[in-house]
Amino acid sequence: MAESIRWALDADLYFDWGGGLIWAAVAPTPDAASAIRGALGTAGHATLVRAPEDVRTTTEVFHPLPDPVMALSRRVKESFDPCGILNPGRMYAGV
């Protein structure tokens, strides 16, 4: 996985949890998230931890969920927040 990220971007990689967690320091561009998530494929997930505001407004913070899991997340949120007033869109757009 680390090699896939390195092939996609010029990244400084740091390993944690015996290699189970990879921290990637990359240039803060909107296409960096797409490149990292593309390099991961279905083998993992990526979370945006820190970036300038212009990148944060155009990039999803969390890795996209599979459709069935997103539907479940949407239903759980709606059951706790039927009016949709508690942090709308904070975790995922439209949730």
Side-chain angles (χ1 to χ4, degrees):
M1 197 171 296
E3 283 302 311
S4 296
I5 294 170
R6 281 195 181 119
W7 278 101
L9 294 166
D10 179 25
D12 292 326
L13 302 178
Y14 306 92
F15 299 91
D16 205 351
W17 300 347
L21 174 66
I22 301 171
W23 294 90
V26 300
T29 61
D31 59 331
S34 302
I36 291 173
R37 290 175 177 155
L40 296 178
T42 59
H45 66 274
T47 303
L48 177 64
V49 176
R50 184 173 38 188
E53 190 61 33
D54 61 324
V55 173
R56 291 180 92 51
T57 58
T58 59
T59 305
E60 292 288 334
V61 172
F62 297 101
H63 203 86
L65 294 174
D67 290 339
V69 178
M70 180 58 86
L72 176 62
S73 295
R74 194 172 273 120
R75 288 193 309 270
V76 169
K77 176 137 175 25
E78 287 171 358
S79 70
F80 283 101
D81 182 21
C83 296
I85 59 171
L86 302 175
N87 293 320
R90 172 121 182 170
M91 302 269 304
Y92 294 98
V95 177

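Index from 1, following the sequence.
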* Identify whether Leu9 and Leu40 are in the same connected component of the hydrophobic contact network (ILVMFWY, side-chain heavy atoms under 4.5 Å). =>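 Leu9 and Leu40: one cluster.
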
Which atom pairs, one a donor and one an acceptor, fall under 3.5 Å between side chains of residues 17-38 and the rest of the protein, sequence neighbours left out?
{"residue": "Thr29", "atom": "OG1", "partner": "Asp31", "partner atom": "OD1", "Å": "2.6"}
{"residue": "Thr29", "atom": "OG1", "partner": "Ala32", "partner atom": "N", "Å": "3.4"}
{"residue": "Arg37", "atom": "NH1", "partner": "Glu60", "partner atom": "O", "Å": "3.2"}
{"residue": "Arg37", "atom": "NH2", "partner": "Ala46", "partner atom": "O", "Å": "3.2"}
{"residue": "Arg37", "atom": "NH2", "partner": "Glu60", "partner atom": "O", "Å": "3.1"}
{"residue": "Arg37", "atom": "NH2", "partner": "Val61", "partner atom": "O", "Å": "3.1"}

How about NE2 on His63, more than 12 heavy atoms from neighbouring residues, nucleotides or ligands closer than 6.0 Å, or not?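 Counting neighbours around NE2 of His63, more than 12 heavy atoms of other residues, nucleotides or ligands fall under 6.0 Å, so yes.
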
Side-chain polar contacts of residues 67-74 - donor-acceptor pairs under 3.5 angstrom, sequence neighbours left out - could you list them?
{"residue": "Ser73", "atom": "OG", "partner": "Val69", "partner atom": "O", "Å": "3.1"}

**Message:** Taking salt bridge (Lys or Arg N to Asp or Glu O under 4.0 Å) as the definition, give me every residue that meets it alongside Asp81, ordered by chain and number, with sequence neighbours left out.
**Reply:**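 Scan of Asp81 (salt bridge (Lys or Arg N to Asp or Glu O under 4.0 Å), adjacent residues dropped) gives Lys77.
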
Practice problem: Mind checking side chain to side chain donor-acceptor pair (under 3.5 Å) for Arg90 and listing every partner two or more places apart, or none if nothing turns up? | Solution: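 Here no residue qualifies.
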
> For Phe15, what residues pass the ring pair (Phe, Tyr, Trp, His ring centres under 6.0 Å) criterion, not counting sequence neighbours?
Replying inline: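 Phe15: no ring pair (Phe, Tyr, Trp, His ring centres under 6.0 Å) contacts found.
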
Worksheet entry | salt bridge (charged side-chain N to carboxylate O under 4.0 Å, His left out): pairs with one or both residues in residues 3-25, sequence neighbours excluded |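 Salt bridge (charged side-chain N to carboxylate O under 4.0 Å, His left out) check on residues 3-25 returns Glu3-Arg6.
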
Main-chain N/O of Val55 paired to Thr58 side chain as donor or acceptor, under 3.5 Å:
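Yes: the side chain of Thr58 pairs with the backbone of Val55.
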
